[in-house]
Amino acid sequence: MMHRFIELSFIQAAKEIGIDIPNINFERPKIADHGHLSTNIAMTLAKLLKRKPQDIAQDIIAHLKVDSTIIDNVEIAGAGFINIYLNPHAFHLAMMQMITMGSHYGRSNIGSGKTANVEYVSANPTGKLHLGHGRNAAIGDTVSNLLEWTGYTVTREYYFNNAGNQMNMLATSIFARYQHLTGNTEYLFPEDGYHGDYIIEIAEKAFTQFGNTLSDENAETLSTLRKMGEEWCFASIMNTLKKMHIHQDTFFNEDSLYTDGSIDSLLDELKKKNLSYEKEGATWMKFSEIDDSLTDRVIVKSTGEPTYRLPDIAYHRTKFERNYDLIVDIFGADHIATIPDVKAGIRALGYDISKLKVLIYQFVTLWDNGEQVKMSKRSGKSYTLDELIDEVGADVVRFFFLMRGAQTQLEFDLLIAREQNDKNPVYYLQYVHARICSLLKQIEEQQLQIQDTFDASLLIHSSELNLISILTRFEEVTIRAAHNLEPQMISEYLREVASAFHSFYHDCRILGMESSLMNARIHLAILTKTVMSNGLTILGISSPTSM
RNA sequence: GCACCCGUAGCUCAACUGGAUAGAGCAUUUGACUACGGAUCAAAAGGUUUGGGGUUCGAAUCCCUACGGGUGCACCA
């Protein structure tokens with residue numbers, strides 16, 4: 001925030017020595033000796049200008065008009081870094097700026113006027129959600145939040161398929177369990193059927209409703225059971241998502257691509273563009289022609305049924321046709337192979353694939369007591385997301401899924417997740433909020449007055465200045481996290497805020513201090529509460545007033 | 001076999017997307033308030049960023065290579 005002003009004076013200085021640059025990137029040095037802000041602009045210009053970085057830096061500084069009320073000192077260090085040392089007054093100004101934004105602090109408008117579509121979860125209604133879906137949901141919801149915080153209008157979308165083989169398999173699995181319930185224990189369970197206990201639950205429901213009447217495995221019976229299974233699974237999925245505080249705006253049914261003619265028209269178009277051909281009774285798509293690292297694939301089987309690639313491309317096409325400025329897919333690592341094909345297909349149809357960002361997350365492994373909990377879908381013994389939420393709570397589940405980068409495999413340690421103490425990183429963050437709320441409550445009880453105006457210049461303790469400095473970063477962290485689609489940047493940042501606050505709170509007494517100092521510190525605490533609460537909101541985690 | 005992801009402290013992970021002396025938490029060791037919630041704070045110790053080359057002012061980050069882990073490679077979705 002405050003360095004926008006400083007940036008302008010640097011650009012002006014550069015202009016005076018004949019260099020035109022649109023913007024300058026400032027970094028926050030990790031080491032205090034390197035100042036509060038630092039730029040490597042002289043080094044990046046060195047090659048272009050064929051001059052030594054130090055000389056360029058020298059020139060820029062010579063033309064820089066320093067505002068001495070904000071900047072204490074500017075110096076050259078190392079290979080040509082320009083380091084800026086800010087005056088405490090700069091922090092006080094920044095604090096006032098943050099406070100004027102109120103509860104909106106952290107929001108920005110870089111995406112305002114733009115629209116985004118974020119697709120996540122997208123599980124088919126054939127079973128309960130498992131941990132992978134949980135990671136998907138947490139990431140998707142948080143990415144959506146981040147985009148909203150940077151000004152985007154976001155559509156949260158769920159894509160599902162309630163047709164095809166998998167649903168038939170669901171129906172036959174239920175039928176088999178149903179047969180067992182009617183006493184036909186000999187009935188063979190389908191080889192690739194769904195083994196989870198929930199199938200038995202659905203079968204029991206069918207048994208209660210229909211008794212023994214569904215003895216024949218005919219089309220009508222299977223259709224009834226399929227519908228029943230779908231409804232049950234969808235209800236289960238929605239219920240679990242609700243527990244995780246996740247909602248979605250649109251549910252896009254794959255089937256609609258067939259009924260509205262999207263699939264047919266796509267096939268026609270591919271044919272017209274000479275991107276498909278017939279071979280061995282099937283229709284193939286010339287992926288290899290679009291991108292020579294790809295190979296041709298079947299898009300319509302010889303039986304006449306499309307493979308998943310065709311609807312995938314048709315579906316993504318609708319997203320481009322719906323004219324979003326940004327399209328985000330949250331996919332598990334098992335979908336990694338399909339992405340290049342979809343992208344190639346979309347590009348061949350003439351769309352701008354730079355709008356499409358695919359966020360791949362790696363798998364989740366669950367650990368308990370130092371042992372890995374195996375999660376096998378086949379055996380049906382998987383630890384469901386629902387059970388996990390019931391066991392450790394939605395806040396902990398979400399935070400654990402969000403505290404690591406998506407591209408690394410996530411180890412979910414139940415032992416730590418179950419702990420309701422200092423070992424659990426979620427509580428460290430939430431405790432900040434609860435502590436401040438507790439403070440405010442005491443102020444109210446003691447009938448102390450909080451003045452609206454206060455003298456920020458009283459905040460000169462190093463832990464006060466450090467806390468303010470970290471709080472000033474919130475907006476840019478949010479922007480960067482949104483831009484890179486990396487929710488864990490928020491978790492990391494909030495940990496820093498929490499750490500800085502606890503240090504401040506330890507070092508700087510509030511209640512009982514001289515009233516103008518107390519008042520200033522209360523305002524700093526309130527500002528911290530705002531940032532903490534906003535950050536937790538982005539992550540979809542509650543901000544408790546007491547714990 | 002081919003493609004993609006990953007390899008950082010004993011463990012789980014960061015590192016501002018190529019920046020300066022690679023940082024946190026847990027575990028270990030040692031300290032700290034007769035007041036705001038000790039679910040806290042301060043400090044010590046812990047590293048050849050898997051090995052080896054290369055690119056440049058500068059590499060955990062980019063390229064090549066070897067090794068190790070994961071995922072995917074159907075006329076399944």
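All values derive from a computational prediction rather than experimental measurement. Chain A is the first sequence line, chain B the second, and so forth, proteins listed ahead of strands; every chain is numbered from 1.
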When all nucleic acid strands are considered with a 4.0 Å heavy-atom cut-off, which category describes [X]: base, sugar-phosphate, or nothing?
| X | result |
| --- | --- |
| Ala282(A) | base |
| Asn424(A) | nothing |
| His34(A) | base |
| Ser546(A) | base |
| Glu280(A) | base |
| Cys437(A) | nothing |
| Asp413(A) | nothing |

Ring of Tyr428(A) versus six-membered ring of A39(B): centres under 5.5 Å and planes under 30°?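 The base of A39(B) is not stacked with Tyr428(A) (the test needs centres under 5.5 Å and planes under 30°).
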
With stacking defined as ring centroids separated by under 5.5 Å and planes differing by under 30°, is Phe363(A) stacked against U71(B)?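 Stack criterion not met.
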
Quick one: look up who G10(B) pairs with, Watson-Crick or G-U, both distances under 3.5 Å, and put none if it's unpaired.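 Result: C26(B).
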
Suppose we call two aromatic rings close when their centres sit under 6.0 Å apart. Are Phe10(A) and Phe26(A) close by that rule?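 Between Phe10(A) and Phe26(A), the centre distance is under 6.0 Å.
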
Would you say the ring centroid of Phe331(A) lies under 6.0 angstrom from that of Tyr120(A)?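 Distance test on ring centres: not under 6.0 Å, no.
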
For atom [atom1] of [X] and atom [atom2] of [N], their distance in whole Å:
| X | N | atom1 | atom2 | answer |
| --- | --- | --- | --- | --- |
| Asn161(A) | A77(B) | CG | C1' | 8 Å |
| Met43(A) | C57(B) | CE | P | 11 Å |
| Lys423(A) | G38(B) | NZ | P | 19 Å |
| Asp341(A) | C4(B) | CG | C1' | 13 Å |

Is it the case that the base of [N] and the side chain of [X] share a donor-acceptor contact (distance under 3.5 Å, atom types as modelled)?
| X | N | result |
| --- | --- | --- |
| Ser293(A) | A3(B) | no |
| Thr307(A) | C75(B) | no |
| Asp422(A) | U40(B) | no |
| Asp334(A) | G72(B) | no |

Is there side-chain contact between [X] and [Y], with at least one heavy-atom pair below 4.5 Å?
| X | Y | answer |
| --- | --- | --- |
| Pro125(A) | Phe160(A) | yes |
| Thr283(A) | Val298(A) | no |
| His36(A) | Arg28(A) | no |

When you match Asn83(A) and Gly512(A) each to their closest nucleotide on RNA chain B, which lands nearer the 5' end?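 In this pair, the answer is Asn83(A).
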
Rounding to the closest angstrom, what is the interatomic distance between C4(B) and A9(B) at atom P?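 26 Å, rounded to whole Å.
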
